[in-house]
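What follows is a single structure, written as structure tokens, with notes after it.
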Amino acid sequence: MQRLCFIHISDLHLDNFSSVKKEENSLAVRLHEAPYEALQNLLELCERCNPQFIVFTGDLYQHGLLSLKARTYLTKFFNALAESKIPFYYVKGNHDHIGQNDSFFTQFPYVFVYQDTWSYFTYPPNAKQGEKCIRLYGYSHNTRKENQNVLQNLHDVFAISHTEEFENVLFSIGLFHATVKQKNSSLEKVKNTDKHVMALCYDEELKEFPINYWALGHIHEHSVLCEQPYIAYAGAMQATRMGETGERGALVVTIDNIEDKEQIQIHTEFCPLSPLESYDIVLSLGEDEAYMDLEEVRNFLIQSFQNELLGLTQNPYCVDEVIRIVIDGQHSLFQKISAEDFLIELGENLTNTEINPRVHVKKVFSWLRPCFDFVTAYKREDILGEVFRVLDTLKQDPRLFEEILTKLESEFKIKKEYELGFFQNSEMRSENQIKRYKESLFRACENIIVNILEPK
């Protein structure tokens, strides 16, 4: 064996969205169907690249026991892999953890499911002693919330292994569903789109083990943390929420010179599989457009949106794009443009299911501001300047600023959380969400001050 090829996938989250009748909400139907279509697209990818095996790093389905539909689709999928003699190595994550006691997977001889202690399978499956093979180490979660660093058991696995065993191990792979951070980097390379931290550890800890490729799951954003050894998140196969923008898919991993440990070369290629993608688009109104009437503004925004759509995705499997739009900038008609009726109608105008990919505008937000010099407002020698200086001072006191914003939110109803869309479908608020929310409240406060003290 001089060359190895396998596919690394993760976080499919089957049954993440409940099935609904088409006449009730066509977009909800697409959200429910998309992960199943991604699974079918994976079979096409297997036909193209002919992998020796697949590794799946957790959250195959959303929670509880598999639905009948999921069982039907997975049965067809695993049978298709078996016909092609492609083993499927599977660690369970926090959503599909083994504590749910679903015995469905035991019926498939080419599906290898790990338990809640570190162990390994081999490729070829059931390799005999002394036979050259690939070792795949893995650990499955047994609860919804794994808060401990579980790597100690892996130390024990390697400690009891005999040195001569590793002479016939051509390549080793670690399958892990966890939040892995980079210990010696000031940059946050991994975008944690999942609100839960699971089995937290650091890349330096993973490097302590004789593993050539760490296949990670849980973070839905594709990312390569390190190349020596190779540590990579494949990302989700299909977006599970609006914040997961762009293409989603699989990593095709090829290893050359596998029988020469000094000359091994690892290559990865990201291959999109997601039939539905989400995007955030910002449409800006600048000073040049400040004096257009409302109909001209509408036409300008429609044209700008169509320009943004060009080249948005290169994924041949993408058939639906779900888009959130933010209108930003300053305009003399900002109140009329920000009116809910205008934004809803604009979203309906921009939704187009006749083109490919189909466009679904989920929400249009307005961050527009009045035509006013906010940057130098605090320097003015009048009551408006004094109010802005007070606001600027408040920003330097986080605790007091928090109290003021809370009061403004509750008494003046500047914006509601659901209107801003920052906290939808989240049990916990991320630091970035809270920061953006505070910024939006502060901006709305400034707009109100300008309207009251310097009306046009």
Side-chain angles (χ1 to χ4, degrees), residues 26-27 30-31 34 38 191 193 220-222 235-236 238-249 270-371 415 419-422 424-425 432-433 436 439-440 443:
S26 60
L27 180 55
R30 292 299 301 126
L31 292 170
K191 181 181 178 182
T193 52
H220 291 186
E221 193 88 4
H222 161 54
Q238 168 62 56
T240 63
R241 56 179 70 89
M242 281 300 300
E244 298 171 9
T245 56
E247 299 173 344
R248 291 293 185 271
F270 176 78
C271 297
L273 299 173
S274 51
L276 184 149
E277 296 173 0
S278 66
Y279 292 93
D280 291 330
I281 290 180
V282 178
L283 304 178
S284 297
L285 285 171
E287 293 297 328
D288 293 340
E289 298 86 35
Y291 301 103
M292 296 189 294
D293 63 33
L294 201 57
E295 188 59 30
E296 289 175 324
V297 168
R298 186 196 317 276
N299 293 334
F300 175 83
L301 292 173
I302 291 174
Q303 184 60 52
S304 297
F305 178 73
Q306 291 173 346
N307 292 339
E308 291 289 336
L309 287 180
L310 298 176
L312 203 59
T313 179
Q314 301 298 316
N315 176 8
Y317 292 113
C318 180
V319 294
D320 289 278
E321 295 175 341
V322 183
I323 298 175
R324 289 187 304 196
I325 297 172
V326 174
I327 304 174
D328 204 358
Q330 293 179 278
H331 200 279
S332 58
L333 300 176
F334 88 100
Q335 287 183 306
K336 292 183 178 180
I337 299 171
S338 302
E340 185 175 359
D341 290 346
F342 178 86
L343 298 177
I344 291 175
E345 184 180 354
L346 179 63
E348 293 173 350
N349 292 338
L350 297 178
T351 293
N352 190 340
T353 57
E354 302 300 322
I355 62 175
N356 188 29
R358 294 182 293 242
V359 173
H360 308 265
V361 175
K362 184 175 186 294
K363 186 75 175 180
V364 182
F365 303 99
S366 174
W367 278 49
L368 272 179
R369 317 195 73 183
C371 294
K415 285 286 184 182
E419 291 175 340
L420 294 167
F422 295 150
Q424 288 181 337
N425 303 320
N432 186 52
Q433 284 177 317
R436 288 174 57 211
E439 288 174 353
S440 70
R443 176 180 288 198

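Everything numeric in this text was worked out from a predicted model, so none of it was measured. Reckoned from all heavy atoms, side chains included, excluding hydrogens, waters and symmetry mates.
Checked against ring-ring contact (aromatic ring centres under 6.0 Å, His included), His222 has the following partners two or more places apart in sequence or in another chain: Phe270. Applying the ring-ring contact (aromatic ring centres under 6.0 Å, His included) criterion to Phe300, with sequence neighbours excluded, gives no partner residue.
No side-chain heavy atom of Leu301 sits under 4.5 Å from any side-chain heavy atom of Ile325. Put simply, the side chain of Ile327 does not reach to within 4.5 Å of the side chain of Trp367, judged on heavy atoms. Between Ile323 and His360, every side-chain heavy-atom pair lies at or beyond the 4.5 Å cut-off. In this structure, Asp280 and Val326 have side chains that are not in contact, with every pair of non-hydrogen atoms separated by 4.5 Å or more.
Asn315 places a side-chain N or O within 3.5 Å of a backbone atom of Ser274 that can act as its donor or acceptor partner. Without hydrogens or angle criteria, Gln303 side chain to Asn299 main chain gives no donor-acceptor distance under 3.5 Å. Judged by distance alone, the side chain of Gln238 and the main-chain N or O of Leu276 form a donor-acceptor pair under 3.5 Å. Glu321 places no side-chain N or O within 3.5 Å of a backbone atom of Pro357 that could act as its donor or acceptor partner. A side-chain donor-acceptor contact under 3.5 Å links Thr351 to the backbone of Val361. With hydrogens and angles disregarded, no donor-acceptor distance shorter than 3.5 Å links the side chain of Arg324 to the backbone of Ser278. No side-chain donor-acceptor contact under 3.5 Å links Thr245 to the backbone of Tyr279.
Note that the CD atom of Glu247 and the SG atom of Cys271 stand 10.5 Å from one another [nearest 0.5 Å]. Rounded to the nearest 0.5 angstrom, Asn356 CG and Cys318 SG are separated by 8.0 Å. Remark: Ser366 OG to Gln335 CD distance equals 10.5 Å, nearest 0.5 Å. One distance of note links CG of Leu368 with SG of Cys371; it measures 9.0 Å at 0.5 Å rounding. For the atom pair CG of Asn352 and CD1 of Ile302, the computed distance is 11.0 Å after rounding to the nearest 0.5 Å. Here the CG atom belonging to Asp320 is positioned 4.0 Å from the CZ atom belonging to Arg358, to the nearest 0.5 angstrom.
Of all heavy-atom pairs spanning Pro370 and Gln330, the tightest one is O-NE2, 2.9 Å. Pairing each heavy atom of Val359 with each of Leu350, the nearest pair is CG1-O, 3.8 Å. Here the closest heavy-atom approach between residue Met292 and residue His331 is recorded as O-CE1, 3.7 Å. Pro275 and Ala34 make their closest contact through CG-O, 3.3 Å (heavy atoms, listed as atom of the first residue, atom of the second, distance). Residues His220 and Arg248 approach most closely at O-NE, 3.1 Å, considering heavy atoms. Across Val322 and Lys362, no two heavy atoms sit closer than the pair CG1-CB, 3.9 Å.
No hydrogens or angles considered: a donor-acceptor pair under 3.5 Å links the side chains of Thr240 and Glu244.
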Distance-only check: which donor-acceptor pairs under 3.5 Å involve side-chain atoms of residues 342-349, not counting sequence neighbours?
from: Asn349; atom 1: ND2; to: Glu345; atom 2: O; distance (Å): 3.3

